[in-house]
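Worksheet: one structure, shown below.
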Amino acid sequence: MAVFKPENVEDFFEIGEVLGSGHFGQVRQVRERATGTCWAGKFLKIRKIACSRLGVDRSSVEREVEILQTLRHPNIVTLKDVFESRAEVVLILELVSGAELFDFIAEKDNLLESEAIEFMKQILEGLGFMHSKNIAHFDLKPENIMLSDKVSPNPNIKLIDFGLAHCFHQGEEYRSSSGTPQYIAPEVINSEPLSTASDMWSIGVITYILLSGLSPFQGETDEDTLKNVIAMKYEFFERDRMTAEECLLHPWIKPI
Ligand SMILES: Cc1ccc2c(c1)c1c3c(c(C)cc1n2CCCN)C(=O)NC3=O
């Protein structure tokens, strides 16, 4: 069992504003007392009763930490430290001080195709690195694609939130029904074995929205959205989904 720092996180960090929250707990801005540097603290409530809907299993926290420790890439958020108290684990993560990608785009009058290509290139570079380590994110959606800062004319993309991520081992079959309906692949809905290709489906949906402003499968309810995803009312010229590496070589991303 992984052992995290037993010290009180507040001895080392001043806890600041809430940046986000979910069933897992909260993400708050934290300020390192020794240096004044700001980080993002992901405060995870550890589930004490297996059937509880609130909080997370300690085993899934250990998996998220192990995956983040494996992933060091300019387009993936970095993990600095992990603290544990009686009922809480706190991940100290790189503070990604820009906005969510789609909020950044919404604030612009228009998005140039060259800007969309640059964003997609960085997303694919982070994803390609992750997939090269046999790690799939399994929750790729606009909310988990952020920009490094608000002021740079060419902000860096940062993939965040690895709470559903999974590292595949040789010959292993993995199934999961988690994810966000608008972005999950048909194999997730059909409870079939998953792979890194499931992330490529989500990337396809995100690209569609980035270029058109429309969500291809969204229905009135989550149930309708899921029905739209598996209704297969679309045609693809290529039968197999491209990998992130193949996308980076596509003429739209890498002009000849
Ligand atoms: C400035 C800002 C605002 C909201 C933030 C974050 C940063 C943020 C961060 C992270 C996560 C998992 C969630 C976060 N959220 C919650 C919303 C993410 N879509 C993270 O890992 N680093 C962040 O900066």
Side-chain angles (χ1 to χ4, degrees), residues 4-5 9 12-32 35-46 54-57 60-84 88-108 119 122-123 125-127 129-130 133 135-152 155-166 178-184 199 202-203 205-206 209-210 215:
F4 306 135
K5 285 184 173 179
V9 64
F12 299 88
F13 295 89
E14 186 184 324
I15 312 303
E17 62 171 328
V18 175
L19 299 172
S21 58
H23 72 87
F24 58 85
Q26 288 184 325
V27 177
R28 302 179 75 120
Q29 181 163 317
V30 298
R31 185 176 172 279
E32 189 173 11
T35 63
T37 306
C38 287
W39 303 85
K42 187 174 180 182
F43 293 74
L44 296 159
K45 297 281 182 213
I46 300 305
L54 289 179
V56 292
D57 292 330
S60 64
V61 176
E62 289 177 22
R63 183 177 60 224
E64 180 174 358
V65 168
E66 192 177 343
I67 284 172
L68 282 166
Q69 287 172 334
T70 308
L71 298 175
R72 290 282 183 221
H73 187 276
N75 298 120
I76 297 174
V77 72
T78 55
L79 175 68
K80 170 188 170 57
D81 225 332
V82 187
F83 290 82
E84 181 168 19
E88 186 173 68
V89 172
V90 184
L91 309 189
I92 303 297
L93 295 148
E94 173 188 2
L95 179 62
V96 182
S97 53
E100 294 174 4
L101 174 60
F102 278 20
D103 290 342
F104 173 82
I105 292 169
E107 285 171 14
K108 292 168 67 76
F119 284 137
Q122 289 190 46
I123 293 167
E125 283 172 348
L127 200 56
F129 177 77
M130 197 191 307
K133 303 277 185 187
I135 292 169
H137 188 281
F138 287 140
D139 197 18
L140 286 174
K141 54 185 177 180
E143 296 86 336
N144 288 338
I145 300 173
M146 295 193 70
L147 296 175
S148 54
D149 64 70
K150 284 185 172 154
V151 295
S152 161
N156 242 1
I157 286 280
K158 294 281 183 181
L159 301 179
I160 66 166
D161 202 341
F162 287 73
L164 295 183
H166 182 80
S178 301
T180 304
Q182 283 185 71
Y183 307 97
I184 59 174
D199 281 342
S202 306
I203 287 295
V205 175
I206 291 165
I209 297 173
L210 190 66
S215 184

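The figures that follow rest on heavy atoms only: side chains count, while hydrogens, waters and symmetry mates do not. Start at 1 and go down the list; that is how both ligands and their atoms are numbered.
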Item to check | Heteroatom proximity flag, Glu143 to ligand 1, N/O under 3.5 Å | outcome: yes
Checklist entry - Any idea which part of Glu100 is under 4.0 Å from ligand 1, heavy-atom wise: side chain, backbone, both or neither? => result side chain
Item to check | Close-contact set for ligand 1 against Leu93 heavy atoms, below 4.0 Å | outcome: 21 (O)
Checklist entry - atom 16 (C) of ligand 1: which protein heavy atom is closest, and how many Å away? => result Leu19 O, 3.5 Å
Next on the checklist: Applying a heavy-atom cut-off of 4.0 Å, say which part of Met146 lies close to ligand 1: side chain, backbone, both or neither.
Outcome noted: side chain
Checklist entry - So how far is it from Phe13 CZ to Asp81 CG, rounded to the nearest 0.5 Å? => result 6.0 Å
Checklist entry - Checking side chain to side chain contact (heavy atoms under 4.5 Å, CB included) for the pair Thr78/Leu93: CA distance, chi angles, key distance, verdict? => result CA-CA 6 Å; Thr78 55; Leu93 295 148; over 6 Å; no
Next on the checklist: Ignoring hydrogens and geometry beyond distance, is a side-chain donor-acceptor pair present between Lys133 and Thr70 at under 3.5 Å?
Outcome noted: no
Next on the checklist: Under 4.0 Å between a side-chain nitrogen and a carboxylate oxygen: does that hold for Lys45 and Glu88?
Outcome noted: yes
Item to check | CG-CG distance between Leu95 and Leu19, expressed to the nearest 0.5 angstrom | outcome: 6.5 Å
Checklist entry - Backbone or side chain, does any N or O of Glu94 fall under 3.5 Å from an N or O of ligand 1? => result yes
Checklist entry - Is Val77 touching ligand 1 with its side chain, its backbone, both, or neither, if touching means heavy atoms under 4.0 Å apart? => result side chain
Item to check | Shortest non-hydrogen contact from Ala40 toward Glu94 | outcome: CB-O, 4.0 Å
Next on the checklist: Starting from atom 1 (C) of ligand 1, what is the nearest protein heavy atom, named by residue and atom, and what distance separates them?
Outcome noted: Val96 O, 3.4 Å
Checklist entry - Checking Asp199 side chain against Leu127 main chain: does a donor-acceptor pair fall under 3.5 Å? => result no
Checklist entry - Would you say Lys158 touches ligand 1, if touching means a heavy atom closer than 4.0 Å? => result no
Next on the checklist: Which of the numbered atoms in ligand 1 are under 4.0 angstrom from any heavy atom belonging to Leu95?
Outcome noted: 24 (O)
Checklist outcome for this item: Ranked by distance from atom 9 (C) of ligand 1, the top protein heavy atom is Ala40 CB, 4.1 Å
Next on the checklist: Atom CD of residue position Glu66 - does it have more than 12 heavy atoms of other residues, nucleotides or ligands inside 6.0 Å?
Outcome noted: no
Item to check | Proximity to ligand 1 by part of Ile160, non-hydrogen separation under 4.0 Å | outcome: side chain
